**Q** 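Let me give you the structure first, and then I'll get to my questions.
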Amino acid sequence: MNGHSDVEGIGLGLVAPPSSTGIKVIVVGSGFAGLACAIECKRKGHDVLVLEKFSELKVLGDVISLGPNAGRFIERWGLHDKLWPICAHAPFLNLHNHLGEIIQVQPLPAHEYGSQSYNGHRGEMHRILFQHAESIGVDIRLGQNITEYWETDQDGLAGVITNGECICGDVVIGADGVRSKARELILGFNDKHRSSGYAIYRAWFKAQENGVDKDPLIEFLTTGNDVLYGWIGKDIHLLASSFQNSTAISWLMTHKDDADINESWSFPGKMEDVLALVEGWDPRCAALLSKAPWCIDWKLVYRDPLPTWISEGARMAVMGDAAHPFLPMQGASQAIEDGVVLAVTLQLAGKAKVPLALRAWETIRYQRVRKAQIMGETTRDKWHRANPGDRGECIDIPRPEWLLSFDAEAHAYQVYNNVEKQIKEHGYKHPTCP
Ligand SMILES: Cc1cc2nc3c(=O)[nH]c(=O)nc-3n(C[C@H](O)[C@H](O)[C@H](O)COP(=O)(O)OP(=O)(O)OC[C@H]3O[C@@H](n4cnc5c(N)ncnc54)[C@H](O)[C@@H]3O)c2cc1C
């Protein structure tokens with residue numbers, strides 16, 4: 001398919017495209033970015049292959065958040081009924097200062113800006129998306145070790161070498177996460193990370209098995225209705241939530257940490273260090289933290305924004321965390337938006353204009369992602385600098401309309417023609433160029 005009139009009526013991908021576009025998309029990595037890209041490519045008639053490093057699907061991680069801007073795709077894919085029961089349904093964020101005085105009660109509407117938010121266990125939610133991709137016929141190959149990426153000018157091909165086998169297509173997407181190899185192999189950028197000065201202790205555990213319901217200080221977390229509590233102190237904030245009718249608990253504590261090591265979803269935290277941070281705080285904090293049988297010490301590593309996400313020949317790109325790592329909150333949502341938008345630009349450009357599709361994709365996505373990244377840092381700093389006397393909306397978690405009401409798929413359909421025209425008339429400029 002080539003040309004825009006062909007896609008009229010397909011609109012938000014709610015109707016299957018009439019035929020295959022003939023575009024072969026290779027996606028490296030089956031995290032939220034890779035899966036969203038694969039699902040949407042399949043829906044829009046592209047031929048998609050996913051290559052994943054892990055050899056077996058495991059339920060890993062703890063809590064992850066999808067805002068309504070990503071929730072609308074969960075609903076479009078028909079996955080609401082599977083995700084909703086495993087997600088948290090706290091109606092308010094009850095925010096306290098470190099002494100335990102309530103400083104704000106922020107309503108968290110279940111349905112906002114036309115869609116739900118989905119906050120749940122990363123591994124459980126990931127498994128549902130993974131199985132959905134397989135069920136609609138996405139070819140996902142596990143145990144793949146990609147050692148090379150390549151593209152050619154002459155025949156307009158791109159490909160990878162995986163486990164010694166050469167696989168080629170029209171476009172290759174590196175969606176291989178925060179410690180991306182694709183970033184270097186596709187773009188030539190070394191991973192120049194540095195400590196952000198912060199880390200997060202994080203835990204997820206069963207409430208009853210770990211005695212939360214028997215401790216009078218924190219039994220309020222296990223009444224059968226999910227709740228979300230927060231405590232903020234100088235340079236530290238703690239968020240705790242119950243899930244699945246308050247049978248599971250998760251907490252995240254962001255704190256100062258200058259250790260210069262990389263991120264790992266398996267690096268263990270020491271409980272004595274965790275508890276030392278809340279000495280003199282509301283005693284509910286230590287009671288809650290100490291119930292976790294183990295926790296992860298996730299270093300928040302900083303990387304300067306990449307000047308571009310696409311290769312010179314514009315047949316290869318990085319997306320999701322590989323392109324733009326996030327502080328907690330919007331990482332998975334933006335990764336999903338990336339994948340959705342790429343499927344649209346490929347559909348509208350057509351097989352003969354794949355490089356144009358990638359350039360349009362980067363143009364559409366870059367500044368929005370940057371704005372969302374900056375918002376995460378501003379919220380953290382606002383909480384860490386709050387005074388114990390601060391009250392009210394000034395300490396709310398921001399829920400801005402520009403971020404959450406956004407429909408990345410509809411927007412891409414809307415702006416594509418103009419973006420393509422600009423690129424054709426003025427040549428391609430990376431979004432960071434003045
Ligand atoms: C095991 C794990 C646990 C996580 N737990 C949490 C959590 O609890 N909370 C949270 O907020 N975020 C968590 N994240 C990160 C979160 O999923 C991402 O920040 C966000 O969803 C963006 O997704 P992504 O697809 O860009 O990256 P990721 O979700 O990191 O996915 C990247 C995928 O690429 C695969 N991969 C990496 N290298 C290669 C390679 N060379 N070849 C092929 N495949 C490769 C990885 O195995 C992974 O499946 C976790 C990520 C992982 C991998």
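In this text, all values refer to a predicted model and were calculated from it rather than measured experimentally. Excluded from the calculations below are hydrogen atoms, water molecules and symmetry mates; all remaining heavy atoms, backbone and side chain alike, are included. In this chain, numbering begins with 1 at the start of the sequence shown. Read the numbers this way: they start at 1 and go in the same order the structure lists the ligands and their atoms.
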**Q** Pull out every atom of ligand 1 sitting under 4.0 Å from any heavy atom of G177, numbered as shown with elements.
**A**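 Contacts of ligand 1 toward G177, numbered from 1: 27 (O), 30 (O), 32 (C).
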**Q** For atom 49 (O) of ligand 1, which candidate among Q144, E52, R202, Q334 holds the nearest heavy atom?
**A**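 Closest candidate by heavy-atom distance is E52.
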**Q** Where does N145 meet ligand 1, judged by heavy-atom distances below 4.0 Å: at the side chain, the backbone, both, or neither?
**A**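 The answer is neither.
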**Q** Could you tell me how the ring of H80 sits relative to the ring of Y118: parallel (under 30°), tilted (30 to 60°) or perpendicular (over 60°)?
**A**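 Perpendicular: the ring planes of H80 and Y118 meet at over 60°.
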**Q** Could you list the atoms of ligand 1 found under 4.0 angstrom from a heavy atom of V63?
**A**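 Near V63, meaning under 4.0 Å from one of its heavy atoms, ligand 1 has 7 (C), 8 (O), 9 (N), 10 (C), 11 (O).
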**Q** Can you sort out which atoms of ligand 1 are near D62, meaning under 4.0 Å from one of its heavy atoms?
**A**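 Contacts of ligand 1 toward D62, numbered from 1: 7 (C), 8 (O).
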**Q** Which atoms of ligand 1 have any heavy atom of G320 under 4.0 Å away?
**A**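 Result: 26 (O).
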**Q** Looking at Q330 and Q373, would you say the former's side chain and the latter's main chain have a donor-acceptor pair under 3.5 Å?
**A**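 Judged by distance alone, no pair lies under 3.5 Å.
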**Q** Under the criterion ring-ring contact (aromatic ring centres under 6.0 Å, His included), which of F267, W265, Y201, Y198 is the partner of W298?
**A**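 Going through F267, W265, Y201, Y198 one by one, the ring-ring contact (aromatic ring centres under 6.0 Å, His included) with W298 is satisfied by W265 alone.
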**Q** Which of the numbered atoms in ligand 1 are under 4.0 angstrom from any heavy atom belonging to L60?
**A**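 The atoms of ligand 1 under 4.0 Å from a heavy atom of L60 are 1 (C).
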**Q** Against heavy atoms of F54, which atoms of ligand 1 measure under 4.0 Å?
**A**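 Taking each heavy atom of F54 in turn, ligand 1 has 47 (O), 49 (O) under 4.0 Å.
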**Q** For ligand 1, does P325 get within less than 4.0 Å through its side chain, its backbone, both, or neither, judged by non-hydrogen atoms?
**A**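 Neither part.
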**Q** So do R368 and N69 actually touch side chain to side chain, heavy atoms under 4.5 Å?
**A**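 The answer is yes; the side chains approach within 4.5 Å.
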**Q** Without swapping roles, check the side chain of H430 against the backbone of E362 for a donor-acceptor pair under 3.5 Å.
**A**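 Side chain of H430 to backbone of E362: no pair is present.
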**Q** Between W265 and ligand 1, which residue portion shows a heavy-atom distance shorter than 4.0 Å: side chain, backbone, both, or neither?
**A**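 The answer is the side chain.
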**Q** Backbone or side chain, does any N or O of F32 fall under 3.5 Å from an N or O of ligand 1?
**A**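 It does: an N or O of F32 is found under 3.5 Å from an N or O of ligand 1.
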**Q** Check ligand 1 against A175 and write out every atom of the ligand that is under 4.0 Å from a heavy-atom position of the residue.
**A**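 Under 4.0 Å from A175, ligand 1 has these atoms: 32 (C), 33 (C), 34 (O).
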**Q** At a non-hydrogen distance cut-off of under 4.0 Å, which region of K181 contacts ligand 1 (side chain, backbone, both, or neither)?
**A**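 Neither part.
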**Q** Quick one: which of F220, F92, W251 gives a ring-ring contact (aromatic ring centres under 6.0 Å, His included) with Y229?
**A**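 For Y229, the ring-ring contact (aromatic ring centres under 6.0 Å, His included) test succeeds with only one of F220, F92, W251, which is F220.
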**Q** Mind checking whether L35 contacts ligand 1 via backbone (N, CA, C, O), side chain (CB onward), both or neither, at a 4.0 Å heavy-atom cut-off?
**A**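 No part of L35 is near ligand 1 at this cut-off.
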**Q** Give the numbers and elements of all ligand 1 atoms closer than 4.0 Å to a heavy atom of G31.
**A**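 Those of ligand 1 that fall under 4.0 Å from G31 are 25 (O), 29 (O), 31 (O), 33 (C), 49 (O).
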**Q** Evaluate V28 for polar contact with ligand 1, using N/O atom pairs at a separation under 3.5 Å.
**A**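 No - when backbone and side-chain N and O of V28 are compared with those of ligand 1, no distance drops under 3.5 Å.
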**Q** Show your reasoning for whether salt bridge (charged side-chain N to carboxylate O under 4.0 Å, His left out) applies to K351 and D170.
**A** CA-CA 8 Å; K351 187 174 165 78; D170 297 294; 3.0 Å; yes
**Q** For ligand 1, indicate whether the residue A33 contacts it via side chain, backbone, both or neither (heavy-atom separation under 4.0 Å).
**A**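 Both backbone and side chain.
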**Q** Between W231 and H96 (judged by ring centroids, cut-off 6.0 Å), do the two rings come close enough to count as a pair?
**A**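 Aromatic pair counts; centres sit under 6.0 Å.
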**Q** Would you say the side chains of T222 and Q208 form a donor-acceptor pair under 3.5 Å?
**A**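 No.
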**Q** Measure R179 to ligand 1 on non-hydrogen atoms and call it side chain, backbone, both or neither using the 4.0 Å cut-off.
**A**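 For R179, there is no contact with ligand 1 at all, from either part.
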**Q** Before giving the answer on ring pair (Phe, Tyr, Trp, His ring centres under 6.0 Å), spell out for F130 and H132 the whole-Å C-alpha distance, their side-chain angles and the decisive distance to 0.1 Å.
**A** CA-CA 5 Å; F130 188 98; H132 174 68; over 10 Å; no
**Q** Test your reading of the model: is there a side-chain donor-acceptor pair from S246 to the backbone of G224, 3.5 Å cut-off?
**A**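 Present.
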